[in-house]
Amino acid sequence: MYYDQDADLGVLKGKKIAIMGYGSQGHAQAQNLKDSGLDVVVGLRPGSKSRAAAEAAGLTVKTVAEAAAAADIIQILLPDETQARVYREEIAPHLTAGKVLMFSHGFNIHFNQIVPPADVDVIMVAPKGPGHLVRRMYVEGQGVPALLAIYQDASGRAKEIGLAYAKGIGAARAGVIETTFKEETETDLFGEQAVLCGGATALVKAGFEILVEAGYQPEIAYFECLNELKLIVDLMYEGGIKYMRYSISDTAEYGDVTRGPRIIDDHVRATMKSILKEIQDGVFAREWILENQAGRPSFNALRKKEREHLIEQVGDTLREMMPWLKK
Ligand SMILES: NC(=O)C1=CN([C@@H]2O[C@H](COP(=O)(O)OP(=O)(O)OC[C@H]3O[C@@H](n4cnc5c(N)ncnc54)[C@H](OP(=O)(O)O)[C@@H]3O)[C@@H](O)[C@H]2O)C=CC1
Ligand SMILES: CC[C@](O)(C(C)=O)C(=O)O
Ligand SMILES: [Mg+2]
Ligand SMILES: [Mg+2]
């Protein structure tokens, strides 16, 4: 594990860092690096919706190609499914020997959608948290931990550069672990599909639906299955599962340890294993690449259906009464 004292921001002084994209990770990493005293330029497409926000934060905005040409270090924070095309058309022509190519997720390198030249460093600094928290925690003097991986070390200094970058975005305040592009890609995809996003939302929705179908008020089902989940997870985040169990009643703890394993049973574990295998053997990557090439027909339909779920309508109404959420 590496922390601030193991990294030297001086390694990045005098270097221009291009952040391609100003979305969830882009806005956070660009602003954190700038506030760490580094020289940042943002690369966006012409007519980009993100331009105003980047300029309002005092950042210089150029096209992706111009930013790639001007930069020593190029961090690609575009949606994964757009990276290969943008790389090929706008970044690769300016990726001259000695430059550094960076990612925050290994998808395109690991699944061979981007094949960089041998004379550049290829580094990943992958925050283990959503971009908006990467920014919020930096501003509050904290940090979101990150993974560091070196795919190519043409300069012999890739690790120093990656650690300095991690310090610049605030990640080294919380801890940086070294990994490989393969390990980051596979664990990140598994985590978001089986636990953090797919698993958690399916569990919340199933619990909500069961209570509502049984005749309980949807508002109570929302508080019980979604709103309170944050409060429970906050306790696990602060002190582990044991601290959460210390805070809940003994009745809840007994229900937790006896009923939890019946929910996540051998059938669920077998499904988790098959989801991991689809990630490892490239089945998921192929499916996602083809879905994008086809114009996202399934994804768009599923997105619409999910957004129309009763839990979203109930939540919108209840959150109106929680003004602290509006900021
Ligand atoms: N979201 C997260 O918290 C995390 C993301 N990651 C990784 O970080 C990377 C970025 O993800 P994320 O921040 O979610 O991305 P976003 O979807 O938030 O990126 C949106 C940004 O990319 C720009 N953009 C989209 N398409 C293009 C294009 N064709 N050409 C130029 N700019 C474009 C958008 O500009 P416009 O306004 O013009 O549409 C916008 O500025 C990914 O590799 C992801 O896996 C890693 C850890 C966590
Ligand atoms: C959990 C989703 C994530 O992997 C992330 C925020 O870390 C992502 O790809 O957005
Ligand atoms: Mg992730
Ligand atoms: Mg991810």
Side-chain angles (χ1 to χ4, degrees), residues 18-32 40-57 59 61-68 74-92 101-111 113-114 122-138 143-149 151 165-166 169-171 174 176-177 179 181-200 275 279 284-285 288-289 292-293 295-296 299 303:
I19 300 291
M20 305 306 188
Y22 199 74
S24 182
Q25 285 297 327
H27 91 285
Q29 295 190 26
Q31 290 187 77
N32 293 3
V40 178
V41 59
V42 173
L44 293 172
R45 54 185 159 187
S48 172
K49 294 193 297 293
S50 311
R51 186 181 189 104
E55 287 180 343
L59 289 153
V61 177
K62 294 179 185 282
T63 65
V64 170
E66 287 166 353
I74 299 167
Q75 166 64 285
I76 306 187
L77 295 176
L78 307 170
D80 293 305
E81 66 281 2
T82 66
Q83 291 184 7
R85 186 190 60 74
V86 176
Y87 170 83
R88 211 170 40 246
E89 293 173 5
E90 297 180 63
I91 297 175
L101 182 65
M102 292 192 64
F103 297 86
S104 282
H105 180 40
F107 188 98
N108 282 284
I109 291 287
H110 180 62
F111 294 115
Q113 301 301 296
I114 292 178
V122 181
I123 304 170
M124 172 168 47
V125 174
K128 289 287 95 186
H132 297 90
L133 274 297
V134 171
R135 178 58 182 161
R136 191 192 300 170
M137 293 184 77
Y138 179 93
V144 168
L147 304 186
L148 167 68
Y151 184 73
Y165 186 97
I169 63 169
V176 177
I177 304 179
T179 183
F181 273 63
K182 173 177 162 43
E183 185 176 49
E184 185 279 339
T185 303
E186 294 176 356
T187 54
D188 187 78
L189 292 173
F190 179 77
E192 66 200 22
Q193 292 174 20
V195 181
L196 304 171
C197 307
I275 284 172
I279 292 166
F284 171 77
W288 179 225
I289 291 165
N292 279 287
Q293 284 172 359
R296 301 181 154 197
F299 187 36
R303 245 187 184 168

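As the structure lists them, so they are numbered: ligands from 1, and atoms in each ligand from 1. Numbering starts at 1 and runs along the sequence shown.
Using a 4.0 Å cut-off to heavy atoms of L44, the atoms of ligand 1 that qualify are 41 (O). Remark: ligand 1 atoms within the under-4.0 Å shell around heavy atoms of G129 are 3 (O), 48 (C). Of all atoms in ligand 1, listed by their number and element, those nearer than 4.0 Å to a heavy atom of S48 are 35 (O), 36 (P), 37 (O), 38 (O). With ligand atoms numbered from 1 in the order given, ligand 1 contributes 7 (C), 43 (O), 45 (O) to contacts under 4.0 Å with heavy atoms of H105. Near S104, meaning under 4.0 Å from any of its heavy atoms, are these atoms of ligand 1: 8 (O), 46 (C). Less than 4.0 angstrom separates some heavy atom of G21 from each of these atoms of ligand 1: 22 (O), 41 (O). Under a 4.0 Å criterion applied to the non-hydrogen atoms of P127, ligand 1 contributes the atoms 47 (C). Taking every heavy atom of V86 and a limit of under 4.0 angstrom, the matching atoms of ligand 1 come to 29 (N), 30 (N).
S50 OG, 2.4 Å is the protein heavy atom nearest to atom 37 (O) of ligand 1. In this structure, the protein non-hydrogen atom closest to atom 45 (O) of ligand 1 is D80 OD2, 2.7 Å. R45 NH2, 2.8 Å is the protein heavy atom nearest to atom 39 (O) of ligand 1. Ranking the protein heavy atoms by distance from atom 3 (O) of ligand 1 puts G131 N, 2.9 Å first. The nearest heavy-atom contact from the protein to atom 8 (O) of ligand 1 is Q25 CG, 3.7 Å.
In this structure, the side chain of E90 does not engage the main chain of V86 through any donor-acceptor pair within 3.5 Å. Proximity of a side-chain donor or acceptor of H110 to a complementary backbone N or O of F107 within less than 3.5 Å is not detected. A donor-acceptor pair under 3.5 Å is absent between the side-chain atoms of Q193 and the main chain of G198, judged by distance alone.
Separating the CZ atom in F111 from the OG1 atom in T185 is a distance of 6.5 Å, to the nearest 0.5 Å. In this structure, CD1 on I109 lies 9.5 Å from CE on M124, to the nearest 0.5 angstrom.
The distance cut-off of 2.8 Å around the Mg ion (ligand 3) captures these protein N, O or S atoms, sorted by chain and number: D188 OD1.
Contact annotation: R85 has at least one heavy atom less than 4.0 Å from an atom of ligand 1. For P79, the closest heavy-atom approach to ligand 1 falls below 4.0 Å. Contact annotation: G47 has no heavy atom less than 4.0 Å from any atom of ligand 1. Remark: distances from the non-hydrogen atoms of Q83 to ligand 1 include one below 4.0 Å.
Looking at L189 and H105, their side chains come closer than 4.5 Å, going by heavy atoms from C-beta outward. Contact check for K128 versus D188: side-chain heavy atoms found under the 4.5 Å cut-off.
Nearest heavy-atom pair across A200 and L196 is CB-O, 3.3 Å. The shortest non-hydrogen separation linking E184 to T179 is N-OG1, 3.9 Å. Pairing each heavy atom of V144 with each of M137, the nearest pair is CG2-SD, 3.7 Å. Scanning all heavy atoms of the two residues, the minimum distance from I279 to E186 falls at CG2-CA, 3.8 Å. For Q31 against Y22, the heavy-atom pair with the smallest separation is NE2-OH, 3.3 Å.
For the salt bridge (charged side-chain N to carboxylate O under 4.0 Å, His left out) condition, no pair includes a residue of residues 21-31, sequence neighbours left out.
Between atom 1 (N) of ligand 1 and the options A52, G23, S24, the minimum heavy-atom separation is to S24. Around atom 10 (C) of ligand 1, the closest heavy atom drawn from L78, V64, V144 belongs to L78.
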Inset, instruction - Give the C-alpha distance, both sets of side-chain angles, the deciding distance and a yes or no for side-chain hydrogen bond (donor to acceptor under 3.5 Å, both in side chains) between Q29 and Y138. - result: CA-CA 10 Å; Q29 295 190 26; Y138 179 93; over 6 Å; no
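In this structure E89 satisfies the salt bridge (charged side-chain N to carboxylate O under 4.0 Å, His left out) test together with R85, sequence neighbours excluded. With sequence neighbours excluded, the residues forming a side-chain contact (heavy atoms from CB on, under 4.5 Å) with A194 are F190, M272, listed by chain and number.
For ligand 1, the polar-atom distance check finds no N/O of I76 at less than 3.5 Å from any of the ligand's N/O atoms.
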